[in-house]
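Numbers here simply count residues along the sequence, with the first being 1. Values below: every heavy atom of this structure, side chains too, minus hydrogens, waters and symmetry copies. In each ligand, atom 1 is the first atom listed, and ligand 1 is the first ligand listed.
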Amino acid sequence: MTFFAYHAGELYAEQVPLSRVAQQVGTPAYVYSRAAIENQWRALDDAFGDYPHTICYAVKANSNIAILNLLARLGSGFDIVSEGELRRVLAAGGDPSKVVYSGVAKSVHELEFALKSNVRSINIESVAELHRLQAVAASLGVTASIAIRVNPDVDPETHPYISTGMEKAKFGVTMEAAFEAYKLAHTMPNIEVHGIACHIGSQITKTSPFTDALEIVLNMVKRLAQAGIQIQQLDLGGGLGINYQGETPPAADEYVQAMIAGVAAHGIDLPIAIEPGRYIAGNSGVMLTTVEYTKHNTSKNFAIVDAGMNDLMRPALYQAHHEIIPVRTDSSAEPVSYDVVGPVCESADVLGYERELALQSGDLLAVCSAGAYSFAMSNNYNSRTRPPEVMVDGDQIHVIRRRETFDQLIQGERQLPD
Ligand SMILES: *Cc1c(COP(=O)(O)O)cnc(C)c1O
């Protein structure tokens, strides 16, 4: 988290002290660093060098339109999983010809919208979806450019809830079924086979699951070529992990070079798309929260903060670890082992267990690595309004999403007539 660092005992985002952000927008609040986001994107882009490639940022990791717009300005493509995400990309000035559309349950309406928007590839996740897409494309009188998302049945060695490329997962088409599906697609009048896609999971911290999956994908490309079906793009998915708690995932360069080398070793010469989400956004943001109370039971100390599992669900959902650090290091309080807990009426509402912190009521904490799957997964449980999002750029603070208001919270609700 190099763009979040202490200066004179105070935590900064770039050149802005986080206490100033808290003063301006209150807490809880999400704070992102523009430089961090751009740096991560460029690390992947640079790693490809002259090799033909598209970086399709996985919108679901953090879909704020300011972030999508910054990435679009760099020339990024996007990986989407819904019509809403495609609408966000278009609203942010993204180029639909660099959009790949994943997702297991695309509706007729979503497929129509994607075809009308001219996305690069609809990544098919089942034979049933292929039939639906053929019908939708025929009804619009257009040709749909597709990839089949194959399930290579490799273990990404990550949390089961973020493993997607094993046979028991709902995602993708098994290798044997994929070959038949490609042959079927090839005969469909309104389908054009463009690519092959695979995404095996998230927060992957080794290169081998990626290269194992790549081998399986490349063998399929060759088998398809023998059957007269020419693949034009390899979409190798996202999943590159980040450091939450001392993990040592491969660097961008190592990961990209492994992919390029694997492709070259098969004598295959095809453009590569990747779909990174977490790698770009994860360590580019923190969530700021204020200690409301401390509470000391016989066996436990609690730091009760103003952010809860509705604001940051990952610890409750995946037992995920986020570092929690003080915004100022000059506390006069004694360091104590705290469970950092939120206001939500659930025992799972814990942001971190047994964290050694020197705290008192009113202190500001930063929950680290909160740029991806954090605000994006937030919700209104307990009628809590969602926090604002702030983008720091140098010494500037930009509010890129205002704090939700109570009126917004109930705007779609109606009482019965008298
Ligand atoms: C979630 C997802 C991604 C992004 O995964 P990260 O681990 O955030 O890089 C990419 N592709 C697909 C199909 C996904 O579902």
Which of the atoms of ligand 1 are close to Arg149, meaning less than 4.0 Å from one of its heavy atoms?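 Numbered from 1, ligand 1 contributes 13 (C).
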Ignoring hydrogens, just give me the one of Ala372, Ser202, Cys56, Gly237 whose non-hydrogen atom is nearest atom 7 (O) of ligand 1.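 When every heavy atom of Ala372, Ser202, Cys56, Gly237 is considered, Ser202 comes closest to atom 7 (O) of ligand 1.
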So if I count the atoms of ligand 1 from 1 in the order they appear, which ones are less than 4.0 Å from some heavy atom of Pro276?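 It comes down to these atoms of ligand 1: 9 (O).
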Pairing residues for Arg88 by the salt bridge (Lys or Arg N to Asp or Glu O under 4.0 Å) criterion, not counting sequence neighbours: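 Testing Arg88 for salt bridge (Lys or Arg N to Asp or Glu O under 4.0 Å), a comparison that skips the adjacent residues, returns none.
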Which atoms of ligand 1 are found less than 4.0 Å from any heavy atom of Tyr373?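 In order of numbering, the contacting atoms are 1 (C), 4 (C), 5 (O), 6 (P), 8 (O).
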Does the side-chain contact (heavy atoms from CB on, under 4.5 Å) test come out yes or no for Arg149 and Ile124, once each step is laid out? CA-CA 6 Å; Arg149 176 175 175 184; Ile124 295 291; over 6 Å; no
Give a yes/no verdict on a cation-pi contact between Arg223 and Phe179, requiring under 6.0 Å between NZ or CZ and the six-membered ring centre and an angle within 45° of the axis.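 Checked: cation-pi criterion met.
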Val81 N/O under 3.5 Å from ligand 1 N/O: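 N/O-N/O distance below 3.5 Å does not exist for this pair.
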I need the atoms of ligand 1 closer than 4.0 Å to a non-hydrogen atom of Arg278, numbered in the order shown.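 Once the distances to Arg278 are compared, the set is 6 (P), 8 (O), 9 (O).
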Say whether Gly239 and ligand 1 are in contact under the criterion: heavy-atom distance to a ligand atom below 4.0 Å.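 The answer is yes: ligand 1 sits under 4.0 Å from a heavy atom of Gly239.
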With side-chain contact (heavy atoms from CB on, under 4.5 Å) as the criterion, how do Ile231 and Tyr182 come out once you've worked through the C-alpha distance, each side chain's angles and the decisive distance to 0.1 Å? CA-CA 10 Å; Ile231 294 296; Tyr182 269 113; 3.8 Å; yes
Find all atoms of ligand 1 within a distance of less than 4.0 Å from any non-hydrogen atom belonging to Glu275, and give their numbers and elements.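 Taking each heavy atom of Glu275 in turn, ligand 1 has 3 (C), 4 (C), 9 (O), 10 (C), 11 (N), 12 (C), 13 (C) under 4.0 Å.
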Provide the number and element of each atom of ligand 1 under 4.0 Å from a heavy atom of Ser102.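 Here the atoms of ligand 1 in question are 13 (C).
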Is it the case that ligand 1 has an N or O less than 3.5 angstrom from some N or O of Tyr279?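 In this structure, Tyr279 places no N or O atom under 3.5 Å from an N or O of ligand 1.
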Taking the six-membered ring where the residue is Trp, are the ring centres of His322 and Tyr244 under 6.0 Å apart?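 Close enough - the centres of the two rings lie under 6.0 Å apart.
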What protein heavy atom sits nearest atom 15 (O) of ligand 1, and how far off is it?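 Minimum-distance protein heavy atom for atom 15 (O) of ligand 1 reads Lys60 NZ, 2.7 Å.
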Phe113 six-ring face occupied by Arg87 cation (under 6.0 Å, within 45°):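 Satisfied, under 6.0 Å and within 45°.
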Sequence neighbours left out, what pairs pass side-chain hydrogen bond (donor to acceptor under 3.5 Å, both in side chains) with at least one residue falling in residues 250-260?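 Of all non-adjacent pairs touching residues 250-260, none passes side-chain hydrogen bond (donor to acceptor under 3.5 Å, both in side chains).
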Leu86 and Val119: CA distance, side-chain angles, deciding distance, side-chain contact (heavy atoms from CB on, under 4.5 Å) verdict: CA-CA 9 Å; Leu86 179 50; Val119 301; 4.0 Å; yes
